[in-house]
Amino acid sequence: MPLPVAPASSRCAPGPSIASTIRETARSFTDKEIIPAAKENARNAHFDTDLVKKIADQGYLGAIVPRDYGGAGLDYITYGLIVEEIGRGDSAMRTVVSVQTSLVCSSIVRWGTEEQKQRWLPRLCSGESLGCFGLTEPDTGSDAANLRTRATKTDSGWSISGQKMWISLGNFSEVALIFAQTDPEKKHRGLACFLVPTASEGFSAQEIHGKLGLRSSDTASLALDEVEVGDDAMLGEIGDGFKVAMSALDNGRYSVAAGCVGICDGCVDASVAYAKERKQFGVPLARFQLVQEMIADMILKRDASRMLVYRAGALKDEGKPNTTETSVAKLYATESAVECANLAIQVHGGAGYVDDYPVERYLRDARVTTLYEGTSQIQKLIIGRAATGINAMLPFEES
Ligand code: COS
């Protein structure tokens, strides 16, 4: 059953009973379509485009995009519930939703011209096109203002050259958000963001192999060699690029956090089921206090993560500042997902070390979430700066 669309052109909360129906629908869709495919897709490192199409048909790729542009116009809390369920099933598919919806579509909704919105959003919401987010570079991760990709003004627009790294969906995208420096002297105020069609001459993508987790997610390195785009490809104004990136990450981090609640939830479900079924010393594992302690610890982390995600989502829905609360949710939920997955393997013993059960995949997939969209250390620095008013991220002086 595809998403019901909200009754207004902008985002709105569908009300508790509809939100819970949307969650139940996402849960059964995940159980029926995503979970049965997850193990084989991970084993074969297969990016399942048929499954991506089914996710798109559910309306999940444009859940928070206004209806006028092909989305469902839902609020952030309801969107978070959908992402949590998909994250419980397969973080590789959750990554598709997070990148497409939170990083790409949200940026176009917030910063795009009417023409850019009409051109790209309906295609992205329907899944006809995928989009990717080209911020990170081989030499630039946490220090996002320090990009080497250059955009040079031409008579008819811009010429962009540079490289991007760890780009989810990069091999399958029709459009890439490319962040580039227009004037190095201006530092972060010289950055601009461009909507670059990946079919442009000089644009190439290469698959990255050998990942610990998210094996069925597509990850690329991108190369841009004097890629020409028109002035109308710029998202926002010259110098807005850093703000486009940071506002996108406010959304992306929320989505990652919601997906990690799903991982924690999956760890609880798998561990409870296994602890009741598996016997040692003549009794189910669940009879042992130390096993119950591990399950209780997972439930604590899942529920606390969920509440932090709800808090960030509520602030977003109210249109209030939420960067710090989003970082708190992202930090806690991602670290919790790693800890829950580790505990879930412990409950499963040797059985948890192979892919007959989902818990080894949960651990491998959770591990990247404390790295991408801002490491846990970056989240702590954002939280610490907000609390103290002191910036501990200032560039180091040359000695
Ligand atoms: N939304 C909109 N604008 C924002 C913003 C936000 N959430 N956060 C900051 N800005 C704006 C500020 O208002 C400021 O604007 P002015 O130039 O007009 O003053 C500008 O951006 C710079 O802000 P700030 O000084 O806070 O930026 P910092 O250089 O201190 O940011 C960190 C440093 C580490 C926080 C930033 O570089 C970061 O998040 N790095 C991690 C990047 C990352 O997650 N990479 C992984 C990508 S994987 S997809």
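Each ligand, and each atom within it, is numbered from 1 in the order the structure gives.
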Before accepting this row, confirm whether a basic side-chain N of the pair [X]/[Y] lies closer than 4.0 Å to the acidic partner's carboxylate O.
{"X": "Asp355", "Y": "Arg361", "value": "no"}
{"X": "Asp250", "Y": "Arg110", "value": "no"}
{"X": "Arg23", "Y": "Glu84", "value": "yes"}
{"X": "Arg27", "Y": "Glu24", "value": "no"}
{"X": "Lys211", "Y": "Asp365", "value": "no"}

Spacing of Leu212 atom CG and Arg367 atom CZ [to the nearest 0.5 Å]: 8.5 Å
If hydrogens are left out, which of [options] has an atom nearest to [atom], that is, the closest non-hydrogen atom?
{"atom": "atom 17 (O) of ligand 1", "options": "His188, Lys243, Lys330", "answer": "His188"}
{"atom": "atom 41 (C) of ligand 1", "options": "Ala144, Gly239, Ser142, Gly134", "answer": "Ser142"}
{"atom": "atom 28 (P) of ligand 1", "options": "Arg189, Arg385, Met393, Met246", "answer": "Arg385"}
{"atom": "atom 21 (O) of ligand 1", "options": "Phe133, Phe242, Trp166", "answer": "Phe242"}
{"atom": "atom 7 (N) of ligand 1", "options": "Asn322, Leu191, Asp250", "answer": "Asp250"}
{"atom": "atom 1 (N) of ligand 1", "options": "Ser327, Ala145, Ser247, Ala392", "answer": "Ser247"}

Centres of the Tyr372 and Trp166 rings: under 6.0 Å? no
If we ignore hydrogens and angles and just use 3.5 Å, is the side chain of Asn322 paired with the main-chain N or O of Glu325 as donor and acceptor? no
Donor-acceptor contact present, side-chain Ser161 to main-chain Glu226, <3.5 Å: yes
Which ligand 1 atoms does Glu373 reach within 4.0 Å, using its non-hydrogen atoms? 44 (O), 46 (C), 48 (S), 49 (S)
Provide the number and element of each atom of ligand 1 under 4.0 Å from a heavy atom of Thr323. 7 (N)
Close approach of Gly141 to ligand 1, heavy atoms, under 4.0 angstrom: yes
Heavy-atom distances under 4.0 Å decide this one: backbone, side chain, both or neither, for Arg253 against ligand 1? side chain
Looking only at heavy atoms, is any part of Leu381 under 4.0 Å from ligand 1, and if so is it the side chain, the backbone, or both, or is it neither? neither
Right, does atom 36 (C) of ligand 1 have protein non-hydrogen atoms nearer than 4.0 Å? yes
What is the closest protein heavy atom to atom 47 (C) of ligand 1, and at what distance does it sit? Thr136 OG1, 3.5 Å
